[in-house]
Visitor: 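Got a structure here, written out as structure tokens. Questions coming.
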Amino acid sequence: MFQPPVFTRRQSIAAAVSIGGTIGISPLMRSIAAVAAEEPANDQRHCVLLWMSGGPSQIDTFDMKPKHNNGGAFEEIATSVPGLRFSEHLPKLSGQADRLAILRGMSTKEGDHERGTTVMRTGHALGGPVRYPAIGCSLSKSLRNPVSKLPHYVTIAPGPFARSSLSPGFLGPKYAATSVSVSGPPGSDNFAALRVDHLQPHPQVDAPRFQRRLALWESMQATFLQTRDTPNVVAHDTVYRSAIDMLGSDAKDAFDLTGEPDVVRQAYGSGTFGQGCLMARRLIERGVPLVEVTLGDGLGWDTHANNFDQVKRLSEQLDVGWSTLMTELADRGLLEKTTILWAGEFGRTPAINSNGGRDHFPQAFSCVLAGGGIAGGQAYGATSADGMEVTDGKIDQQDLLATLCAALGVDPASENIAEGGRPIAISEGSPIRQVLL
């Protein structure tokens, strides 16, 4: 059976740079850059996945229980939608509640971080004979612009369990995510430093030298592929060529946040999540169909202790980053074409433990949809007064992913072919029609 390659796209970019560095001056690379710079089609759809690593507390964010002992320390506040209330630490999102559909009836069977992350991102349990792709890979395949040389799927600060939960699975490395990492502590401007390694040319490799190296590699690679047509070799070639294409496109500009005014960068928040949301806006402007931004610094939402201080800090980052992203997308006429999903691997226990924390709780938690294709200004589903069970509108991960597909104009029953010729639908769930436009 085909196994995922052990190399990463970042490693392939580094190898591509070692061939030469001044890619932009090659005639081939100039043509690639020209294609990449084209405006996206008017009907181009986009998706932003806001991933809350560690499992966010639904009761302290979007499903408050202020009249019950499980409600905890936070107050609820009114939103722009009468009767819909959020945490006091989400004031900006509360002002945009008309754009949000809160799904309060989520329920899965996975309470382990890695298994829960995999279930929510792929729709399927970890393990088994089929290597299911992450929803980001499947959707980027469906939404891709076939003439663009920019990445179809970018994940920003992806956090733990990426190997099992962000894999392209049987779709192959062509649909793998390009990863953006945190390159170190904030710089002198105090903004988080995000980067894709090796995007800049090597200063000691001039244009003629690069062209000779590229020609030599192309010749050797063609001969090599003729005699070794195996999955791993094809995978290596696919990722390598994708890296070269990205080096020759305008991707470098999209990933460089220093060109943004400080006032804009500050509006998103100076941390990794806020700057990641800004990068998401820049990528969407350039036609990238799928961007994922993680908030949690590892498993930051895993609040077994000191829940309220931690959730307050994370909620404040979430509030400014997410709300500013929607505002800027709307100002550019892109929000109606961009569907946003906020989710984590599970929720937190309604009962507060002896350490002032909340433990893992997949039985009843919340996710949020927003933007294009979503009928905002509502909560779908409900949990009991104590938050312990779903009392209305119960859905699982397959229903959630099917709803996301439908909002983006992708038929969730669309099939891709797995190893052995087996057709597999993107999602086997039922879209929630009440939250779709």
Side-chain angles (χ1 to χ4, degrees), residues 49-68 70-81 83-97 99-108 116 120 269 273-274 277 293-297 299-304 306-323 325-326 340-352 356-370 376-388 390 393 395 400 435:
L49 304 175
L50 301 178
W51 182 255
M52 304 295 107
S53 183
S57 169
Q58 69 282 358
I59 287 183
D60 301 310
T61 51
F62 295 106
D63 191 10
M64 307 288 288
K65 303 293 181 183
K67 297 179 181 180
H68 195 277
N70 291 343
F74 295 166
E75 299 291 334
E76 64 175 3
I77 58 173
T79 71
S80 59
V81 177
L84 191 60
R85 293 176 175 270
F86 299 162
S87 161
E88 63 181 308
H89 301 300
L90 300 172
K92 294 182 181 295
L93 287 172
S94 295
Q96 299 191 47
R99 292 171 168 164
L100 309 180
I102 316 301
L103 308 179
R104 290 176 172 166
M106 276 297 303
S107 183
T108 75
M120 290 294 289
F273 179 74
C277 286
V293 187
T294 297
L295 173 59
D297 298 326
L299 294 174
W301 291 92
D302 192 29
T303 53
H304 292 282
N306 196 26
N307 173 81
F308 298 101
D309 288 344
Q310 187 79 331
V311 171
K312 177 179 181 293
R313 180 182 66 83
L314 292 168
S315 293
E316 290 169 348
Q317 295 177 58
L318 175 69
D319 192 50
V320 295
W322 185 1
S323 62
L325 174 62
M326 288 194 294
I340 299 171
L341 169 62
W342 177 88
E345 58 262 48
F346 39 63
R348 314 302 300 183
T349 52
I352 303 167
R358 300 187 189 272
D359 301 316
H360 301 184
F361 196 69
Q363 294 93 319
F365 62 104
S366 298
C367 294
V368 183
L369 288 164
Q378 63 171 310
Y380 176 84
T383 54
S384 56
D386 59 3
M388 291 297 295
V390 177
I395 60 173
L400 175 68
V435 303

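Sequence positions, counted from 1, serve as the residue numbers for this chain.
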Visitor: At their closest point, which heavy atom of Leu84 faces which heavy atom of Ala379, and how far apart are they?
Guide: CD1-CB, 3.8 Å

Visitor: From Thr349 OG1 over to His360 NE2, what is the distance, rounded to the nearest 0.5 angstrom?
Guide: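 The OG1 atom of Thr349 sits 9.5 Å away from the NE2 atom of His360.
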
Visitor: Quick one: pull up OG1 in Thr108 and CD in Glu345 and give me the separation to the nearest 0.5 Å.
Guide: 10.0 Å

Visitor: Hey, are the side chains of Thr61 and Ser366 touching, using non-hydrogen atoms and a 4.5 Å cut-off?
Guide: no

Visitor: Suppose we screen for side-chain hydrogen bond (donor to acceptor under 3.5 Å, both in side chains). Which residues come up paired with Thr383, at least two apart in sequence or across chains?
Guide: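 Checked Thr383 against side-chain hydrogen bond (donor to acceptor under 3.5 Å, both in side chains); matches are Asp63, Lys65.
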
Visitor: Please tell me if the side chains of Leu314 and Phe273 come closer than 4.5 Å, counting only heavy atoms from C-beta onward.
Guide: no

Visitor: Would you confirm whether Thr79, through its side chain, and Ala97, through its main-chain N or O, come within 3.5 Å as a donor-acceptor pair?
Guide: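 Not at all, since once roles are kept as given, no pair shorter than 3.5 Å links the two residues.
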
Visitor: Please walk me through it: do Ile352 and Asn70 pass side-chain contact (heavy atoms from CB on, under 4.5 Å)?
Guide: CA-CA 7 Å; Ile352 303 167; Asn70 291 343; 5.8 Å; no

Visitor: What distance separates Asn306 CG from His304 NE2, expressed to the nearest 0.5 Å?
Guide: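 Going from CG on Asn306 over to NE2 on His304, the span is 13.0 Å.
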
Visitor: For a quick test of reading the model, state the closest non-hydrogen atom pair linking Ser53 to Thr294 and the distance between them.
Guide: CB-CG2, 3.9 Å

Visitor: Mind checking what makes side-chain hydrogen bond (donor to acceptor under 3.5 Å, both in side chains) contact with Ser384, not counting sequence neighbours?
Guide: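 Ser384: side-chain hydrogen bond (donor to acceptor under 3.5 Å, both in side chains) contacts with Asp386.
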
Visitor: Shortest non-hydrogen contact from Cys277 to Leu325?
Guide: O-CD1, 3.5 Å

Visitor: side-chain contact (heavy atoms from CB on, under 4.5 Å) for Ile102 and Gln378? Distances and angles first, verdict last.
Guide: CA-CA 6 Å; Ile102 316 301; Gln378 63 171 310; over 6 Å; no

Visitor: Could you tell me if the side chain of Phe308 sits less than 4.5 Å from the side chain of Arg313, heavy atoms only?
Guide: no

Visitor: Determine the minimum heavy-atom distance between Ala343 and Cys367, stating which atoms define it.
Guide: CB-SG, 3.8 Å

Visitor: Determine whether Leu318 and Met52 make a side-chain contact, defined as any pair of heavy atoms from C-beta on separated by less than 4.5 Å.
Guide: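 They are in contact (side-chain heavy atoms under 4.5 Å apart), so the answer is yes.
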
Visitor: Do Leu100 and Leu369 touch side chain to side chain, with heavy atoms closer than 4.5 Å?
Guide: no

Visitor: So which heavy atom on Ala364 is nearest to which on Gly387, and how close?
Guide: CB-O, 4.1 Å

Visitor: Enter the distance from Phe361:CZ to Ser107:OG here, rounded to the nearest 0.5 Å.
Guide: 8.0 Å

Visitor: Any heavy-atom pair between the side chains of Leu341 and Leu50 that's under 4.5 Å?
Guide: no

Visitor: Applying salt bridge (Lys or Arg N to Asp or Glu O under 4.0 Å), can you list everything that pairs with Glu316, at least two apart in sequence or on another chain?
Guide: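 Per chain and number, Glu316 pairs via salt bridge (Lys or Arg N to Asp or Glu O under 4.0 Å) with Lys312.
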
Visitor: How many angstroms lie between CZ in Arg358 and OG in Ser57, if you round to the nearest 0.5 Å?
Guide: 4.5 Å

Visitor: Do Trp342 and Phe62 make the cut of ring centroids closer than 6.0 angstrom?
Guide: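 Yes; Phe62 has its ring centre under 6.0 Å from that of Trp342.
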
Visitor: Asp319: which residues meet the side-chain hydrogen bond (donor to acceptor under 3.5 Å, both in side chains) condition with it, sequence neighbours left out?
Guide: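 Not a single residue meets the side-chain hydrogen bond (donor to acceptor under 3.5 Å, both in side chains) criterion with Asp319.
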
Visitor: Side chains of Met64 and Phe74: closer than 4.5 Å at any heavy-atom pair?
Guide: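 They are in side-chain contact.
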
Visitor: Between Val293 and Trp51, is a side-chain contact (heavy atoms from CB on, under 4.5 Å) present by the stated rule, with each step listed?
Guide: CA-CA 6 Å; Val293 187; Trp51 182 255; over 6 Å; no

Visitor: My understanding is that only residues two or more places apart in sequence, or in another chain, count here; which of them pass salt bridge (Lys or Arg N to Asp or Glu O under 4.0 Å) with Asp302?
Guide: Arg348

Visitor: Would you say the rings of Phe365 and Phe346 are close, in the sense that their centroids are separated by under 6.0 Å?
Guide: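 No, too far apart.
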
Visitor: Does some side-chain heavy atom of Trp301 sit less than 4.5 Å from a side-chain heavy atom of Leu295?
Guide: yes

Visitor: To the nearest 0.5 Å, tell me how far Met120 CE sits from Leu49 CG.
Guide: 10.5 Å

Visitor: Output every pair passing side-chain hydrogen bond (donor to acceptor under 3.5 Å, both in side chains) with a member in residues 83-96, not counting sequence neighbours, ordered by first then second residue.
Guide: Gln96-Arg99, Gln96-Thr327

